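As structure tokens, the structure follows; a few thoughts come after it.
It should be emphasised that the depicted structure is a prediction, and the values quoted were computed from it without experimental measurement.
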Amino acid sequence: MALREIIGRIVDGFHEIIGGFRCSGTGRLVKLGVSMTHMHVLWMLQHHGDLPMSRMADLLDVSLSNATGIVDRMEERGLVERVRVPDDRRVVLVRISTGGAQALDEIEAVKQDRLQAILGHLDGTQLARVVQTYDDIRGAIVAELGADYLDGHTHHQPAQGRD
């Protein structure tokens, strides 16, 4: 099999696995009353920390009024909260609320449980190959995107007791 074909199979396999995880997670989100858009906003806030409405609109690539509507609905569901900056009360930041953090934790727990169950079907030799392959892929990511790429994807955890 040619290298191009092998890469194609791997890419197709990743798409299939990621798509399957995404679809299976959607049902859980619906039960939590969280839309995919809301989940995207929560992940964005988790990654970037508190955001002003204008920056959120930019990151979502929507108008400020659309971002405001999204945040309004999320605030009604207890997923986010708006806070004013003490030094400049005109600036409103959006942050993950305790309810939003709980939704993120539940989704993460489901993903972790599912992945552990899947990996539980592999024996020690297979798991060792997965670890080696993971390390190889991580090295390729760093080679392609830079040494700080993966390090830059840490997540900001909301402070406990906010609400």
Where is the tightest heavy-atom contact between Val92 and Arg84, given as atom of each residue plus distance?
-> CG2-NH1, 3.0 Å

Apply the side chain to side chain contact (heavy atoms under 4.5 Å, CB included) test between His15 and each candidate in Ile17, Val11, Ile18; give the one that qualifies.
-> Val11

Min side-chain heavy-atom separation Leu60-His40 under 4.5 Å | yes

Residue Asp123 excluded, over 12 heavy atoms near CG under 6.0 Å | yes

Distance-minimising heavy-atom pair for His38 and Arg73 | NE2-CB, 4.1 Å

Look up atom CD1 in Ile96 and atom CE in Met74, then write down how far apart they are to the nearest 0.5 Å.
-> 8.0 Å

Ion pair Arg82/Asp72, N-O distance below 4.0 Å = yes

Spell out, yes or no, whether Met36 and Val41 are grouped together once hydrophobic residues are joined by side-chain heavy atoms under 4.5 Å, including indirect joins.
-> yes

Do Glu106 and Gln102 meet the criterion of a side-chain donor-acceptor pair at a distance under 3.5 Å?
-> no

If every non-hydrogen atom of Val94 is compared with every non-hydrogen atom of Leu45, which pair is closest and at what distance?
-> O-CD2, 3.5 Å

Taking the side chain as C-beta and beyond, is there a heavy-atom pair between Arg129 and Gln126 under 4.5 Å?
-> yes

In terms of side-chain geometry, is the basic nitrogen of Glu108 or Lys111 positioned less than 4.0 Å from the acidic oxygen of its partner?
-> yes

Can you tell which of Val71, Thr68, Leu93, Asp50 makes a side chain to side chain contact (heavy atoms under 4.5 Å, CB included) with Met56?
-> Val71

